[in-house]
Chemist: 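Provided herewith is a single structure, encoded as structure tokens, for subsequent inquiry.
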Amino acid sequence: MGIRVYNTFSGKKEEFRPVNEGKVKLYVCGVTVYDHCHIGHARSAIVFDVIYRYFMARGYEVVFVKNFTDIDDKIIRKSNSEGIPWKDVAEKYIVSFHEDMDALHVLRPTHEPKATEHIEDMIALVDNLINNGIAYKVNGDVYFSVENYKGYGELSGRTLDEMMAGARVEIDEKKRNPLDFVLWKSSKEGEPKWPAPFGDGRPGWHIECSAMSAKYLGLPFDIHGGGKDLVFPHHENERAQTESATGVKFANYWLHNGFVNIEKEKMSKSIGNILLIKDFIEEFHPEVLRLFFLSTHYRNPIDYNKKSIEDTNQALHRLYYTLERVAEMEKQLPVEPKPYGEAEELEKKYYEAMDDDFNTALALSYIFELSKMLNKMLDDDPTINAPFVLFTNRLFLSLANTLGLLHDNLTDFTSTEKIRHLNRVGLTPEKLDRMIAERAEARKNKDYKTGDQIRDVLARMGILLQDSPRGTEWRIKHITMKGEG
RNA sequence: GGCGGCAUAGCCAAGCGGUAAGGCGACGGUCUGCAAAACCGUUAUUCUCCGGUUCAAAUCCGGAUGCCGCCUCCA
């Protein structure tokens, strides 16, 4: 049984059959670099990162292309409002994008082409469309004529008539059909422009993906992905352009991820509830966000809220504790791993879940079961179980890694968490250590009252003291969110 | 107006014809000066409602209700 994917085009799950045996050609629409990325971008990035990792784990050779839209109206607007060259705006946010992706352990794609470095390819495409009578020129702009492509609307599941009936399309005198879209626009004074046989100007939004996907992957390629909102018009238009210009099928499978809502509301500038990745990772471990997204199927909408994030944070800790317990056992009982059938059963189920349209929520349940299995063996009799524990742990880790989880060890994981927390409550590590020492002193004198008072004070700051054989340690109790409304 | 999606325990969430995964929480236990943490165990005779098909339905069909998305820049 192979991998099955839900294809937006057919509206069904289909057996995945690559164009070239053993290879996957994957194109995902990247970001327009005019601002820092928010957690909606993060979901898309993480979803396709997992798909990328999973195909590799299943032995495919993957060519993964994710573009940067580094020239468009929003970038120009930002350039004007901030008084910096548009090129610098783009560069700045590309750097920011990479910082965020690295923090989230999103693997770098094979290629990250920029629109502005492929203007020639776009011009060739547009030229081709004009020569074929599919595109037309009006006052220096070039439009794609949707009536000249009979498959228009197939991807988003609607017909031209239906779309016209919607009548929400803005009327533009220059267009022959209101649904026609711009391939190339003439630049206004002071705007960036490139020379072209059909007039100087700059590319429309959709054409870059048509040009770059064909260039790096060839046609047809296997999978085209992106956020659900891109189905129409972006992907519909890419498909129309490419297939009209080349006469070749564009992409075989279309995958789209669902949206992130915040407290049941759509994230939008007007509501002012956009949460940046940078703000999130200041408060929480980046893997919390990843685990949160993967706990729901990628096509479903997901609601971001404080409780869900805290639940997820707790669940992630659970996984890390297991890792820690095994590490301690291994120090004491260094043995060779021995295959353990029950763990292998779970591994099998994990792959079945992932094969079925990347059902990460189900796959995660097996990772949690592996964690529970490890804990039981450790509680039971580590001396006897050690070889099986090590085997199971290896599986546990590798399956989690395929989802991009458990990259840290527990010590690193908790220490970064703690630094975040102390900053949040305005306490220095020195001051905290002093308070802990005071309490230890009181306890030594059996002055439990004073000791408990100190514990209470700290508890109110979300710091939980834990007395262990190694002395008193602490962990985070409540996590409060910044800017929470 | 057109097209599409979703409704499963206190919360989050899989399952999509064969008799309800997993996580959080809660409760019980082990541990502890008391705790906490950690671990183990328990926690939906039932899947929004009403009909129907079937030996069998959360899963299929028809209808109702309630949410949501897209049709305009958007991950």
Side-chain angles (χ1 to χ4, degrees), chain A residues 8 11 13 28-32 34-35 37-48 72-74 77 153 156-159 161-170 179 205 225-234 236 256-261 264-269 274 291-292 294-297 299-303 305 307-319 321-322 324-325 349 353 356 359-369 371-372 374-376 378-380 443 446-449 451-452 455-456 459 463-468 472-477:
Chain A
T8 304
K13 279 185 203 169
V28 174
C29 290
V31 293
T32 300
Y34 72 104
D35 208 341
C37 288
H38 57 242
I39 60 171
H41 296 113
R43 161 116 105 148
S44 185
I46 286 169
V47 163
F48 287 101
D72 94 331
D73 291 350
K74 292 186 290 284
R77 216 175 301 141
S156 48
R158 53 193 110 192
T159 64
D161 289 344
E162 282 168 0
M163 285 188 264
M164 288 311 294
R168 296 264 293 269
V169 193
E170 141 191 12
L179 291 163
W205 173 35
K228 238 178 187 132
D229 55 313
L230 296 179
V231 176
F232 189 90
H234 187 52
E236 191 73 69
H256 295 98
N257 66 275
F259 263 41
V260 180
N261 292 127
K264 306 243 196 279
E265 273 188 312
K266 182 171 172 171
M267 247 198 294
S268 79
K269 293 222 158 141
I274 290 178
L291 180 59
F292 173 61
L294 298 183
S295 66
T296 298
H297 188 87
R299 279 187 280 118
N300 294 152
I302 193 166
D303 189 54
N305 58 75
K307 183 180 186 307
S308 290
I309 293 301
E310 285 182 355
D311 289 354
T312 306
N313 189 53
Q314 192 56 35
L316 185 61
H317 268 94
R318 181 186 175 81
L319 261 20
Y321 275 115
T322 300
E324 177 76 354
R325 289 189 74 189
K349 287 182 175 177
D356 184 15
N359 191 337
T360 53
L362 224 208
L364 276 170
S365 77
Y366 301 126
I367 288 178
F368 278 97
E369 288 196 21
S371 162
K372 181 167 283 187
L374 284 164
N375 282 322
K376 267 188 181 155
L378 254 18
D379 283 350
D380 193 25
R443 291 178 74 222
K446 298 260 192 279
D447 179 6
Y448 294 120
K449 195 171 166 234
D452 287 353
R455 187 168 64 191
D456 289 344
I463 291 166
L464 262 186
L465 296 186
Q466 300 173 208
D467 299 320
S468 80
T472 299
E473 295 168 343
W474 69 278
R475 83 188 300 263
I476 304 161
K477 188 180 180 192

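Protein chains get the first letters and strands the later ones, always in sequence-line order, with residue 1 at the start of each.
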Chemist: Would you measure the distance from the C1' atom in A9(B) across to the matching atom in A21(B) and give it in whole Å?
Modeler: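 It comes out at 14 Å once rounded to the nearest Å.
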Chemist: Has the side chain of D447(A) got a donor or acceptor that lies under 3.5 Å from a partner of the other kind on the base of G33(B)?
Modeler: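 Per atom types, no contact qualifies.
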Chemist: Can you confirm if the NZ or CZ of R158(A) lies within 45° of the ring axis of F232(A) and under 6.0 Å from the centre of its six-membered ring?
Modeler: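 Yes, a cation-pi geometry.
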Chemist: Taking salt bridge (charged side-chain N to carboxylate O under 4.0 Å, His left out) as the test, write out the residues that go with E473(A), two or more places apart.
Modeler: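 So E473(A) forms a salt bridge (charged side-chain N to carboxylate O under 4.0 Å, His left out) with R470(A).
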Chemist: Given the C1' atoms of A56(B) and C16(B), what is the spacing between them in whole Å?
Modeler: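 Going atom to atom, C1' in each nucleotide, I get 15 Å.
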Chemist: With respect to the phosphate group of A36(B), does any side-chain polar atom (N or O) of W474(A) fall under 4.0 Å of OP1 or OP2?
Modeler: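 For A36(B), OP1/OP2 do not have a side-chain N/O of W474(A) under 4.0 Å.
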Chemist: May I ask you to test the L374(A)-R325(A) pair for a side-chain heavy-atom distance under 4.5 Å?
Modeler: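 The answer is no; the side chains never approach within 4.5 Å.
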Chemist: Sequence neighbours left out, what passes side chain to side chain contact (heavy atoms under 4.5 Å, CB included) with D35(A)? Give chain and number order.
Modeler: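 For D35(A) the side chain to side chain contact (heavy atoms under 4.5 Å, CB included) partners, ignoring immediate neighbours, are K78(A), Y93(A), K269(A).
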Chemist: Please state the C1' separation for the pair A7(B) and U59(B) - nearest whole angstrom.
Modeler: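 The answer is 14 Å between these two C1' atoms.
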Chemist: Tell me whether the side-chain N/O atoms of K266(A) come closer than 4.0 Å to OP1 or OP2 in C70(B).
Modeler: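 Checking K266(A) against C70(B): at least one side-chain N or O falls below 4.0 Å of OP1 or OP2.
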Chemist: Rounded to whole angstrom, note down the P distance from G25(B) over to C12(B).
Modeler: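 G25(B) and C12(B) have their P atoms separated by 15 Å.
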Chemist: Contact class for L291(A) (heavy atom, under 4.0 Å): base, sugar-phosphate, or nothing?
Modeler: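 It contacts nothing in the nucleic acid.
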Chemist: I want to confirm an ordering. Mapping H38(A) and R158(A) to their closest nucleotides on RNA chain B, which one lands closer to the 5' end?
Modeler: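 The residue closer to the strand's 5' end, by nearest nucleotide, is R158(A).
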Chemist: First locate atom OG of S295(A), then atom CG of L316(A), and finally report the distance between them rounded to the nearest 0.5 Å.
Modeler: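 That separation rounds to 11.5 Å.
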Chemist: For C27(B) and G66(B), measure between their C1' atoms and round to the nearest Å.
Modeler: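 So the two C1' atoms sit 33 Å from each other.
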Chemist: Anything under 3.5 Å between a protein N or O and an N or O of nucleotides 19-26 of chain B, put it in a table, one pair a line.
Modeler:
residue: A21(B); atom: O2'; partner: E369(A); partner atom: OE2; Å: 3.4
residue: A21(B); atom: N3; partner: S365(A); partner atom: OG; Å: 3.4
residue: C24(B); atom: O2'; partner: D311(A); partner atom: OD1; Å: 2.2
residue: C24(B); atom: O2'; partner: D311(A); partner atom: OD2; Å: 3.4

Chemist: Hey, what do you get for CG (N313(A)) to OG (S308(A)), rounding to the nearest 0.5 Å?
Modeler: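 N313(A) atom CG to S308(A) atom OG measures 12.0 Å (nearest 0.5 Å).
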Chemist: What nucleic acid atoms does N300(A) come within less than 4.0 Å of, heavy atoms only: base, sugar-phosphate, or nothing?
Modeler: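 Touches sugar-phosphate only.
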Chemist: Checking all strands, does R325(A) fall into the base, sugar-phosphate, or nothing category for heavy-atom contacts under 4.0 angstrom?
Modeler: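 Since only primed, P, OP1 and OP2 atoms lie under 4.0 Å of R325(A), the category is sugar-phosphate.
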Chemist: Taking the nucleotide of RNA chain B with the nearest heavy atom to each, does G226(A) or K264(A) sit closer to the 5' end?
Modeler: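 It is K264(A), whose closest nucleotide lies nearer the 5' terminus.
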Chemist: In chain order, what residues pass the side chain to side chain contact (heavy atoms under 4.5 Å, CB included) check against T312(A), with sequence neighbours excluded?
Modeler: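 T312(A) satisfies side chain to side chain contact (heavy atoms under 4.5 Å, CB included) with V288(A), L291(A), F292(A) only.
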Chemist: Measure from CZ on R443(A) to P on A35(B) and round the result to the nearest Å.
Modeler: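 Distance, rounded to whole Å: 13 Å.
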Chemist: How is F232(A) classified with respect to the nucleic acid when contacts are heavy atoms under 4.0 Å: base, sugar-phosphate, or nothing?
Modeler: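 Sugar-phosphate contact only.
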Chemist: Using the P atom as the point on both nucleotides, what is the distance between A58(B) and C49(B), in whole Å?
Modeler: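 It works out to 11 Å between them.
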Chemist: What is the nucleic acid contact for H234(A), judged by heavy atoms within less than 4.0 Å: base, sugar-phosphate only, or nothing?
Modeler: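 Since no nucleic acid heavy atom lies under 4.0 Å of H234(A), the category is nothing.
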Chemist: Any side-chain N or O of N305(A) below 4.0 angstrom from OP1/OP2 of C12(B)?
Modeler: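 No, because none of the side-chain N or O atoms of N305(A) sits under 4.0 Å from OP1 or OP2 of C12(B).
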Chemist: Taking only the P atom of each, what is the distance from G10(B) to C3(B) in whole angstrom?
Modeler: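 Rounded to whole Å, the distance is 37 Å.
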Chemist: Assign K376(A) to base, sugar-phosphate, or nothing according to its heavy-atom contacts below 4.0 angstrom with the strands shown.
Modeler: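 Touches sugar-phosphate only.
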Chemist: Tell me the interatomic distance from D161(A), atom CG, to C3(B), atom C1', rounded to whole angstroms.
Modeler: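 Rounded to whole Å, this separation is 14 Å.
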Chemist: Across the strands shown, which category fits V231(A) at heavy-atom distances under 4.0 angstrom: base, sugar-phosphate, nothing?
Modeler: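 Counting heavy atoms under 4.0 Å across all strands, no contact is made by V231(A).
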Chemist: Test of understanding: with side chain to side chain contact (heavy atoms under 4.5 Å, CB included), list the residues that count as partners of E265(A), not counting sequence neighbours.
Modeler: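 Result, side chain to side chain contact (heavy atoms under 4.5 Å, CB included) vs E265(A): I271(A), N273(A).
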Chemist: Can you tell me how far OG1 of T296(A) sits from CG of N257(A), rounded to the nearest 0.5 angstrom?
Modeler: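 If I round to the nearest 0.5 Å, the distance is 12.5 Å.
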Chemist: Using the aromatic ring of F259(A) (for Trp, its six-membered ring), decide whether it stacks on the base of A75(B) within the limits of 5.5 Å and 30°.
Modeler: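 Yes, aromatic ring over the base.
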Chemist: Taking atom P in both C60(B) and G18(B), compute the distance separating them and give it to the nearest angstrom.
Modeler: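 Roughly 11 Å separates the two P atoms.
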Chemist: Can you name the residues that form a salt bridge (charged side-chain N to carboxylate O under 4.0 Å, His left out) with K266(A), not counting sequence neighbours?
Modeler: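 Counting only residues at least two positions away or on another chain, K266(A) forms no salt bridge (charged side-chain N to carboxylate O under 4.0 Å, His left out).
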Chemist: Determine whether a donor-acceptor pair (one donor, one acceptor, N or O, separation below 3.5 Å) exists between the side chain of R455(A) and the base of A35(B).
Modeler: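 Side chain to base: pair present.
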Chemist: Classify the nucleic acid contact of D452(A) as base, sugar-phosphate or nothing, counting any heavy atom under 4.0 Å across all strands shown.
Modeler: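 Base contact - D452(A) has a heavy atom under 4.0 Å of at least one base atom.
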Chemist: Under 4.0 angstrom, heavy atoms only, what part of the nucleic acid is G40(A) near: base, sugar-phosphate, or nothing?
Modeler: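 Base contact.
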Chemist: Taking any heavy-atom pair under 4.0 Å as a contact, classify K269(A): base, sugar-phosphate, or nothing.
Modeler: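 Since no nucleic acid heavy atom lies under 4.0 Å of K269(A), the category is nothing.
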Chemist: T8(A): which residues meet the side-chain hydrogen bond (donor to acceptor under 3.5 Å, both in side chains) condition with it, sequence neighbours left out?
Modeler: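 Applying side-chain hydrogen bond (donor to acceptor under 3.5 Å, both in side chains) to T8(A) gives H256(A).
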Chemist: Taking NZ from K449(A) and C1' from C34(B), how many angstroms apart are they, rounded to a whole number?
Modeler: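 Rounding to the nearest Å, NZ of K449(A) and C1' of C34(B) are 15 Å apart.
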Chemist: Going by ring centres under 5.5 Å and near-parallel planes (under 30°), is Y448(A) stacked on G33(B)?
Modeler: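 So yes, this residue stacks on that base, both cut-offs being met.
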Chemist: Is RNA chain B part of any stem, that is, at least 3 consecutive Watson-Crick or G-U pairs with both distances under 3.5 Å, and where?
Modeler: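 Paired runs of 3+ in RNA chain B: B:1-7 with B:65-71, B:10-12 with B:22-24, B:25-30 with B:38-43, B:48-52 with B:60-64.
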Chemist: Under the rule for side chain to side chain contact (heavy atoms under 4.5 Å, CB included), what residues qualify as partners of K74(A), not counting sequence neighbours?
Modeler: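 Counting only residues at least two positions away or on another chain, K74(A) forms a side chain to side chain contact (heavy atoms under 4.5 Å, CB included) with T32(A), Y34(A), D72(A), R77(A).
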